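One structure is given here, and the rest of the page talks about it.
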Amino acid sequence: MNFSSEQPKIIVVGSSSIDLVLETEKLPLPNETVLAVNSDSYFGGKGANQAVGTSRLGASVYFIGCVGMDPLGQQIMRNLVSENVNVGFVHETDQEATGTAYVTTCNGNAAIVVVPAANKYLNKSHIDEADKYFHSSDLVLVQLEVSMEVVEYAVQKAKRYGKKVGLYASPAMRVRDEVLASVDFIVAKSSELYIIFGEERREEVLTKYFNKVFVRDDTNSTIYFDGTEMKYYRNDKDKTVYKMGMGDAFTSGFAIALCHGNTIEDCVKFGNEVSSRVSGGKGSQTGLPRISDFLS
Ligand SMILES: OC[C@H]1O[C@H](O)[C@H](O)[C@@H]1O
């Protein structure tokens, strides 16, 4: 993994939320009541997680998102500022409260329910306001917790300016083929390929989108097709099991490595390295590493 002397310029378009994380000894089944052994709140939302992830890894980051006019929205703003993320394009709406997510975790597994709320109010004009920053950015990151219309509009704008685009296709939903074709890399979960691509067979998806679709599973491993063979990457020493926020962390690491001109293989390795540090039960952003952790 090489770090060039240029600071990557990244725009993240997406959600922000406050995550209420409940730790339990078993995940509740339908109609079942269980007791939490711990509960706490953390900063989250896939967009904000990736903004913080890439900022900690040394990028200059603009986050385009929407929060409510409430104390949670203010907390999110302050957190982003403290993480050196530019919040000039974080909008406030009086239509809805700030987004929240309700997370039940047990032995590394997590069940997440997201309440988009204010995140739904991000619109195309918000993307247009940041036009000149799209023009000067290196890479744009999107996920699927804001409206698909906004995601598609941001992708179109970035591609019009010849920028790289990364899509973390979560929460899983069908993405139009034109969008899949125009982004540069897509991070997806193995179990969700059918929903996103309309194709169930992992090999079909990976072969069609070689060097472009990176399939993640719950053991922090990544699979992709390099045009010749299937590549499976997992650090042998890494005993990581699923932790909340891993996908955002992988996407952040991959994006940073790509901006620094690394090979796809090195982008995958760096993404895995970054995602293995996420703390999960302590929130999606807590364990995200800093660039200083990698420069010795
Ligand atoms: O990807 C992890 C995130 O998903 C949900 O959006 C939660 O906010 C959590 O932080």
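Computed from a prediction, not measured in an experiment: that's the story for all the values here. Values below: every heavy atom of this structure, side chains too, minus hydrogens, waters and symmetry copies. Both counts, for ligands and for their atoms, begin at 1 and track the order of listing.
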- Query: Taking the six-membered ring for Trp, is the centroid-to-centroid distance between Phe3 and Phe270 below 6.0 Å?
  - Reply: yes
- Message: Please enumerate all residues that pass side-chain contact (heavy atoms from CB on, under 4.5 Å) together with Ser39, with sequence neighbours excluded.
- Response: Leu22
- Note on the structure: Cys66 and Leu122 have their tightest heavy-atom pair at CB-N, 4.1 Å
- Going by distance only, is there an N or O of Met244 that falls short of 3.5 Å from an N or O of ligand 1? no
- By number and element, which atoms of ligand 1 are closer than 4.0 Å to a non-hydrogen atom of Asn49? 2 (C), 3 (C), 9 (C), 10 (O)
- Message: Less than 6.0 angstrom separating the ring centers of Tyr233 and Tyr224, yes or no?
- Response: no
- Note on the structure: For Val34, the hydrophobic cluster (side chain heavy atoms closer than 4.5 Å, chained through members) also holds none
- At a 4.0 Å threshold, what atoms of ligand 1 neighbour a non-hydrogen atom of Ala101? 7 (C), 8 (O)
- Which of the atoms of ligand 1 are close to Ser17, meaning less than 4.0 Å from one of its heavy atoms? 8 (O)
- Considering only heavy atoms of Glu145, which atoms of ligand 1 have at least one such atom less than 4.0 Å away? 4 (O), 5 (C), 6 (O)
- Message: Could you tell me, atom by atom, which parts of ligand 1 come under 4.0 Å of a heavy atom of Val114?
- Response: 5 (C), 6 (O)
